[in-house]
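Numbers for residues simply follow the sequence, beginning at 1.
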Amino acid sequence: MEKLEGYIERIIFRNSDNGYTVLTLRADGEEITCVGTLSYVGEGEKVELSGQYISHPSYGEQFKIETCTVRMPEDEESVERYLGSGAVKGVGAALAARIVRHFRSDTFRIIEEEPERLVEIKGISERKAREIAQQVFEKRDMRKAMLFLQQYGITTALSVKIYQKYGQNLYRVMQENPYQLAEDIDGVGFRIADEIAMRAGVRADSEYRVKCAFSYVLQQAGGEGHLFLPKDQLMNKTVDLLGIPIEDVDQYLTDLAIERKAVIKKESQDRVYSASAYFTELNTARMLCDLNITGEIDEPTIQKKIAAIEKKTGTQLDEMQKRAVIESVRCGLLVITGGPGTGKTTTINTLISYFESEGLQILLAAPTGRAAKRMTEATGYEARTIHRMLEISGAQNGNAAAFSRNAQNPLDADVVIIDEMSMVDLYLMHALLSAVAVGTRLIMVGDRNQLPSVGPGSVLKDIIDSGKIPVVRLTRIFRQASESDIVVNAHRINRGEQVKLDNKSRDFFFLKRYDANVIISIVIQLIREKLPRYVNAEPFDIQVLTPMRKGLLGVERLNRILQEYLNPASRSKREHEQGGRLFREGDKVMQVKNNYQTEWEIRGRYGIPVEKGEGIFNGDMGIIREINLHTERVTVEFDEHRMVEYPYPGLEELELAYAVTIHKSQGSEYPAVVMPLLSGPRMLMNRNLLYTAVTRARKCVTVVGDPETFAQMIDNTMEHKRYTSLAERIRELTEGAGE
């Protein structure tokens, strides 16, 4: 470990999110480029650095900082250099020279103890004197806080967040209840707070620790799709997390309920909800009931209008499609559900034609950018993501984003049509309903047999299962669709019927192989050579879907291998390793968590932004366009040419996406899908998963693997149970209203 001492000459680059800094240090008459995480230092400050010299591939020799100690300026020259460096706003080199010339070596004592005396200097008013002193105090306090937090093993980036949240109160929080960090600071969960608390000497059976663990387990349950946990499950998971037995569980849960952090419902079994999950579900049910109004209609007249639309567009609707149009006129709230090839798109187009002829304002939306793009192409009308339609503001409140469109500023529409409803989770549904005024028609279109949303809840399924909201089921497979074995086989799978694997199809193939490495080599050959010409697409448009993350045919291993063959290393491509994963220019990547604050821009000629917005979401896919080794930022282009810059630490939100789990493919459609398939966990390898994978393909499905596993998946109706109660809440509210 080497040491350097000198003055910070210039801050070349600083990432405000994580504190990563590139600076030049003047030490012993020479300038040295230094890099490290240093949020709390500024130009002109005297520092002692420890670390080591490294050789950067593009920028040559640099000093990589491990630790940084700020030394207060001691001699008059050092004080003048610091004050005049820009570290204190409003004090330039000339004013700094006058201050030091007047107070000499006593300058810092005067600023800290007698700041009012600064008015003795020409050009400094009382107000300016207070501002100078305030800035010096804040910098000193922040440095003190950083040193205090470092003794608990807290990183600089997290220390900055803690200081910004609590200020001088951080000492009280750290000494009394470090678990408060898990509630107040994004990115701090129970495990990090627990590690800090252990260093702070908090007892293992502390009340704060136990209650924080309960809250954490409920939060994690939301990540698995649940809105509540049975009390026994919650207790068992919490005991496992804490590593100690819990006495008087009911008292802890009662305390959480009194603190409005949890809700306990004594129904068929004791259920424990996080407060946000319970009230979001309850309010979602209430708003659905408010929209669920019906009116008198002249059905024969509507039938005539439907016939006129059929004649004009050259389409022919079946009875259930016509019923969907009639019900959409009669009802304020309607679900239209059906599998592939059953005419959902034709029905949506007819609805648009009908409501447009009535002079009504129509909005179209879908949960993801890809689904919205498909909706636009199928209808000829602009469809947006639900987030963009609701005008996401970038702020976040718990599990939900903040939107400009809400109850106070509802959507300006008479009819709102949402496609791919199976993907909509409870929190997004709540935001959507908040922005739909009573009297506006809301039409929800989707396939209830698809996998449920990535986020918490089973919204579409629960709405249908409530039995209280109008539903039209489309079941007939239309002639054109019936010519596709993708569609026919998807319906067979859904009905539990076995599929012929004789490869006589034009769009559904099964290549029988039983060795994982052989399967992978065939997958690579299909993507690179066979399928692009067959479906008229680029290799990157062909998607590998797999049931699981781990294992020989899991996402993690497949992506490493596919990257090597589909985007091999080259001198012309920069790359960066982060968290054990290698990213390379040209890589296909996926965002793996909702980030409402991430900014994107659409660039015009010469790279000038023509549109800006916020929000990148779980499942969004893009291509790495640039890795800037100097600024340590990675630029990704997502759908609709949205460009996002990620600092290196932000790459934890990205994964390679040559292969993705079937769950992550929801709402997307690809020219061709390749599915490697061997045995896996029974709970995972089920009919629902297989059906979803097959229905993601537009032109071709190729399964490579074991036909026995394929047959077992069709027979396996086991599904991961989600603890939700939206259907019950809808029934309670409807029956309570005296239906």
Under the 3.5 angstrom rule, does the side chain of [X] hit a backbone N or O of [Y] as a donor-acceptor pair?
{"X": "Thr546", "Y": "Leu553", "value": "yes"}
{"X": "Lys461", "Y": "Arg448", "value": "no"}
{"X": "Glu281", "Y": "Leu726", "value": "yes"}
{"X": "Asp541", "Y": "Pro671", "value": "no"}
{"X": "Lys344", "Y": "Val445", "value": "no"}
{"X": "Thr709", "Y": "Gly705", "value": "no"}
{"X": "Gln316", "Y": "Glu310", "value": "no"}
{"X": "Asp587", "Y": "Phe583", "value": "no"}
{"X": "Asn503", "Y": "Phe509", "value": "no"}
{"X": "Ser521", "Y": "Val518", "value": "yes"}

**Request:** Would you please test Arg642 and Glu601 for salt bridge (charged side-chain N to carboxylate O under 4.0 Å, His left out) and show each step?
**Result:** CA-CA 5 Å; Arg642 292 172 299 153; Glu601 61 185 30; over 6 Å; no
Atom [atom1] of [X] with >12 non-hydrogen neighbours under 6.0 angstrom:
{"X": "Asn536", "atom1": "CG", "value": "no"}
{"X": "Arg625", "atom1": "CZ", "value": "yes"}
{"X": "Lys530", "atom1": "NZ", "value": "no"}
{"X": "Arg495", "atom1": "CZ", "value": "yes"}
{"X": "Glu538", "atom1": "CD", "value": "no"}
{"X": "Glu599", "atom1": "CD", "value": "no"}
{"X": "Tyr534", "atom1": "OH", "value": "yes"}

Do [X] and [Y] have side-chain N/O donor and acceptor atoms under 3.5 Å apart?
{"X": "Gln450", "Y": "Thr692", "result": "yes"}
{"X": "Lys588", "Y": "Gln543", "result": "yes"}
{"X": "Asn618", "Y": "Asn594", "result": "no"}
{"X": "Thr724", "Y": "Asp462", "result": "yes"}
{"X": "Asp715", "Y": "Gln498", "result": "yes"}

Under the side-chain contact (heavy atoms from CB on, under 4.5 Å) test against [X], which residue among [options] passes?
{"X": "Val499", "options": "Asp485, Asn489, Val703, Val488", "result": "Asn489"}
{"X": "Met444", "options": "Val424, Ile463, Leu334, Thr337", "result": "Ile463"}
{"X": "Thr379", "options": "Ile417, Asp419, Leu364", "result": "Leu364"}

**Message:** Apply side-chain contact (heavy atoms from CB on, under 4.5 Å) to residues Ile418 and Met389 and explain how you reach the verdict.
**Reply:** CA-CA 11 Å; Ile418 308 295; Met389 181 179 72; 4.2 Å; yes
**Prompt:** Which word best sums up how the rings of His226 and Tyr723 line up, parallel for under 30°, tilted for 30 to 60°, or perpendicular for over 60°?
**Reply:**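 His226 and Tyr723: tilted rings.
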**Request:** Fit a plane to each ring of Phe540 and Tyr658, take the angle between them on a 0 to 90° scale, and name the class: parallel (under 30°), tilted (30 to 60°) or perpendicular (over 60°).
**Result:** perpendicular
**Prompt:** Taking the six-membered ring of Phe478, is NZ or CZ of Arg476 closer than 6.0 Å to its centre and within 45° of its axis?
**Reply:**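 Positive - Arg476 is close enough to the ring of Phe478 and near enough to its axis.
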How close do [X] and [Y] get, counting heavy atoms only, and between which atoms?
{"X": "Lys699", "Y": "Val535", "answer": "NZ-O, 3.0 Å"}
{"X": "Thr347", "Y": "Ala324", "answer": "CG2-CB, 3.8 Å"}
{"X": "Asp425", "Y": "Val459", "answer": "C-CG2, 3.6 Å"}
{"X": "Ser353", "Y": "Ile309", "answer": "CB-CG2, 3.8 Å"}
{"X": "Met685", "Y": "Ser679", "answer": "CE-C, 4.2 Å"}
{"X": "Gly622", "Y": "Phe638", "answer": "N-CD2, 3.8 Å"}

**Message:** Between Arg388 and Glu640, does any NZ, NE, NH1 or NH2 come within less than 4.0 Å of an OD or OE carboxylate oxygen?
**Reply:** yes
**Prompt:** Going by an N to O cut-off under 4.0 Å, is there a salt bridge joining Arg323 and Glu327?
**Reply:**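 Counted as a salt bridge, because a side-chain N and a carboxylate O are separated by less than 4.0 Å.
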**Message:** Using 0.5 Å steps for rounding, measure from the OG atom of Ser328 to the CG atom of Leu351.
**Reply:**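 One finds 4.5 Å between OG of Ser328 and CG of Leu351.
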**Fill in**
Rounding to 0.5 Å, atoms OG (Ser668) and NZ (Lys373) come to a distance of 11.5 Å
**Message:** So, applying side-chain hydrogen bond (donor to acceptor under 3.5 Å, both in side chains) with Glu655, which one of Gln591, Arg581, Arg549, Lys664 is it?
**Reply:** Arg549
**Request:** Could you check His576, Arg574, Lys573 and say which one makes a side-chain hydrogen bond (donor to acceptor under 3.5 Å, both in side chains) with Glu585?
**Result:**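 Only match with Glu585 under side-chain hydrogen bond (donor to acceptor under 3.5 Å, both in side chains): Arg574.
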Do the non-hydrogen side-chain atoms of [X] and [Y] ever get within less than 4.5 Å of each other?
{"X": "Phe710", "Y": "Phe510", "result": "yes"}
{"X": "Val592", "Y": "Leu654", "result": "no"}
{"X": "Asp639", "Y": "Asp620", "result": "no"}
{"X": "Ile527", "Y": "Leu566", "result": "yes"}
{"X": "Val660", "Y": "Met590", "result": "yes"}
{"X": "Phe617", "Y": "Thr368", "result": "no"}
{"X": "Val644", "Y": "Thr635", "result": "no"}
{"X": "Arg370", "Y": "Arg374", "result": "no"}

**Request:** Apply the test side-chain contact (heavy atoms from CB on, under 4.5 Å) to residues Arg384 and Leu363: give CA-CA distance (whole Å), side-chain angles for both, the deciding distance (0.1 Å), then the verdict.
**Result:** CA-CA 9 Å; Arg384 291 174 287 173; Leu363 290 177; 3.5 Å; yes
**Message:** Would Tyr691 and Asp447 count as a side-chain hydrogen bond (donor to acceptor under 3.5 Å, both in side chains) here? Give the steps.
**Reply:** CA-CA 11 Å; Tyr691 173 78; Asp447 181 352; 2.4 Å; yes
**Derivation and outcome, side-chain contact (heavy atoms from CB on, under 4.5 Å), residues Glu556 and Leu656** = CA-CA 8 Å; Glu556 293 174 8; Leu656 293 176; over 6 Å; no
**Item:** Steps toward side-chain contact (heavy atoms from CB on, under 4.5 Å) verdict (Ile486, Val694)
**Value:** CA-CA 7 Å; Ile486 294 173; Val694 168; 4.1 Å; yes
